[in-house]
Structure formats: C-alpha cells, structure tokens
Amino acid sequence: MRATPGLLYKGFFGRSLDEFKRLSNIALKMEGIKGPSGPLPLHAFDSPSDVGDCKLMCDVDIGGYSKASLDWVPAAQQQQHEFSSPESPAKPRPHTPTPAHARFHGSISTALPPHRPDIQRSGFAAWRTLDRPPTVFGRAVWDIDMYTYLALRVKSDGRAYFVNVQTESVVPSDLHQHRLFAQRPGEWETVLVKWNDFVRTNHGFVVEPQTEMLRQKVKSIGIGLTDRVPGPFELCIQGMWATNDPNEADNHEEESQAASDGAGQLKTKSGKNIKWSED
C-alpha cells in the first residue's frame with residue numbers, strides 16, 4: 001500500500017515544523033553562546049516503532065551464517081530473590097523496574113560461505129539508526145558539537161561491542177568507532193564515550209591519517225559486534241543521548257584491563273592494535 005501525496009506532504013512539513021521549533025529553541029536559549037542547557041536525546045526505545053527506525057545487519061547479507069535480531073521489549077517489573085539454602089529460604093527483594101528497551105541478540109558464526117571464494121572473513125552483526133528524513137531545512141542530522149560525551153544506557157553480556165557513528169563524510173563508507181566498555185555485565189548501566197575519542201575507520205580498518213569527526217553532521221549511531229567469537233550474544237539498550245555531565249556514568253573505573261584484552265580491537269592495515277584512551 002502506498003502513502004497518498006497528502007500524507008507524504010504532511011509528513012515533510014510536520015518534520016520541518018519540528019526542526020524549526022528545535023532551531024528556534026536553541027536560538028531563544030542562546031545555546032550557541034552559553035552552551036547547551038541539558039542533554040540532547042538521540043534515540044530511545046520507548047515504543048515498538050523506535051526499533052523500526054533502525055537497520056539490522058549481519059553476515060547473512062553476504063552469505064554467512066550468523067543470526068541477529070533487534071526486538072522491542074516493553075517495560076516490566078522484575079522481582080529478584082536473595083540466595084537461598086535449605087536452612088534459609090529465599091526472600092523476595094523489592095520489585096526492580098525494567099525499562100522499555102531494544103534487545104540485540106543472536107549467534108555469531110565464522111563459517112565462510114562455500115560458494116563465495118571472494119568472502120575471506122565473516123562473523124559480524126550490527127544495527128544502526130536509519131538516516132533521518134529530509135525537511136525544508138535539508139536532510140536532518142544531529143549537531144553534537146557542543147557536547148563532550150555520548151551516553152548509552154545498556155545491559156551487556158560482556159562481549160566486545162563497538163559503538164559506530166556515521167557522519168556526512170566525504171567518504172560515505174567511513175565510520176567512527178569506539179569500544180563499548182561495559183563494566184557490569186548483566187546489569188543496567190550508563191556508559192559514557194568521549195566524542196573526541198572515536199577512531200575513524202573504513203571497512204573495519206583504521207584510516208590514516210585520522211581526521212576529526214564532523215560533529216555538526218552526525219547521520220546515524222549504532223552498535224556492532226565484530227569480535228568473531230562463535231556463539232550467542234545479547235545486548236539490551238534503552239537509549240542514547242549527548243551530554244556534558246560526566247556524573248551520568250554509573251562508574252568511573254579504569255578501562256585498562258578491558259582495553260588490553262585484545263578482543264574486538266581495531267587494527268591498522270599493518271596489523272597494529274589501536275590503544276584506547278583510559279580517561
């Protein structure tokens with residue numbers, strides 16, 4: 001079924017009105033001079049349609065055997081129990097709210113397609129937000145230039161995930177990447193990544209010389225798994241936003257152990273590992 005011209009027309013100008021309101025709000029608050037007055041929401045998974053605004057990718061697209069899904073999970077109350085023994089029965093703890101979120105899950109396989117000799121590597125899965133539709137002001141992008149951190153509310157299984165950021169770069173296939181250093185697998189936590197710490201890559205390799213991210217024109221943000229470790233994976237994410245408040249992170253532990261484990265490390269074309277910043 002095709003949308004009528006009237007619906008398309010209304011959608012275009014509705015988006016343009018929203019963009020006009022956003023730009024007017026920035027001007028009225030003088031954020032260009034004083035700095036932003038609060039965090040900038042980028043993408044949240046509050047409803048099923050928010051998952052529909054994302055694109056799922058895995059090596060099945062090139063004949064591989066990995067499996068990946070991105071499902072919406074509604075908010076729920078979760079009851080936890082303390083440790084029990086025959087002498088001391090378990091006592092229920094207070095209900096813990098589970099937020100509405102997206103569940104990125106599946107299984108990684110590194111098997112190569114037998115009829116594709118041109119494919120030398122497989123074993124990846126990823127998702128990203130879709131490019132935002134155009135408005136009367138042009139194609140909508142995020143301007144995060146006034147912010148220091150990208151914040152993500154996640155629950156990880158501990159595998160080596162990457163955060164992927166795409167901008168309106170001269171080279172469309174360029175990505176800016178950074179490890180998602182989750183410190184508490186199996187628990188909800190807010191992870192902060194400095195925008196300046198992202199590394200420019202192309203087809204999985206670090207690009208030299210490095211160029212600064214075009215922070216005024218961010219097109220999409222997503223998460224990928226490229227550690228090529230066979231087996232199941234699961235990462236839950238509630239939302240992403242830009243912020244200047246370092247206290248939004250749930251912990252400030254050193255990342256040296258996670259950074260040195262070698263799993264999922266970005267490499268240069270000469271095979272050297274990238275060393276991540278620890279601050």
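Note that the coordinates shown come from a computational prediction; the quantities given were computed from them, not determined experimentally. Positions are given from 1 along the sequence.
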Checklist entry - Okay, side chain of Asp174, backbone of Asn202: is any donor-acceptor separation there less than 3.5 Å? => result no
Next on the checklist: If you define the side chain from C-beta out and look only at heavy atoms, does anything of Leu70 sit under 4.5 Å from Arg103?
Outcome noted: no
Checklist entry - Have Gln216 and Asp143 got a donor and an acceptor in their side chains that come within less than 3.5 Å? => result no
Checklist entry - Can you check whether Pro232's main-chain N or O pairs, donor with acceptor, with Arg159's side chain at less than 3.5 Å? => result yes
Checklist entry - Short question: side chain of Asn244, backbone of Met146 - any donor-acceptor pair under 3.5 Å? => result yes
Next on the checklist: Can you pull out every ring-ring contact (aromatic ring centres under 6.0 Å, His included) where at least one residue sits in residues 49-75? Sequence neighbours excluded, please.
Outcome noted: none
Next on the checklist: For a 4.5 angstrom cut-off between non-hydrogen side-chain atoms, does Asn164 reach Ile221?
Outcome noted: no
Checklist entry - Thr201 and Gln177: side-chain donor and acceptor closer than 3.5 Å? => result yes
Item to check | Close side-chain approach of Asp157 to His105, heavy-atom, < 4.5 Å | outcome: no
Item to check | Under 3.5 Å donor-acceptor, Thr243 side chain and Tyr149 backbone | outcome: no
Item to check | is_close_aromatic(His176, Trp195), centroid dist under 6.0 Å | outcome: no
Next on the checklist: With no hydrogens and no angle check, just 3.5 Å: does a side-chain donor-acceptor pair link Thr190 and Arg153?
Outcome noted: yes
Checklist entry - Any side-chain heavy atom of Leu152 sitting closer than 4.5 Å to one from Ile223? => result yes
Checklist entry - Going through the checks in order, is the side-chain contact (heavy atoms from CB on, under 4.5 Å) test met by His101 and Trp188? => result CA-CA 11 Å; His101 62 275; Trp188 283 103; 3.6 Å; yes
Next on the checklist: Is it true that Ser49 and Ser47 share a donor-acceptor pair across their side chains at a distance under 3.5 Å?
Outcome noted: yes
Checklist entry - Got a sec, which residues hit ring-ring contact (aromatic ring centres under 6.0 Å, His included) with Phe233, two or more places apart in sequence or on another chain? => result Phe104
Item to check | Ring centres under 6.0 angstrom apart (Phe162, Trp127) | outcome: no
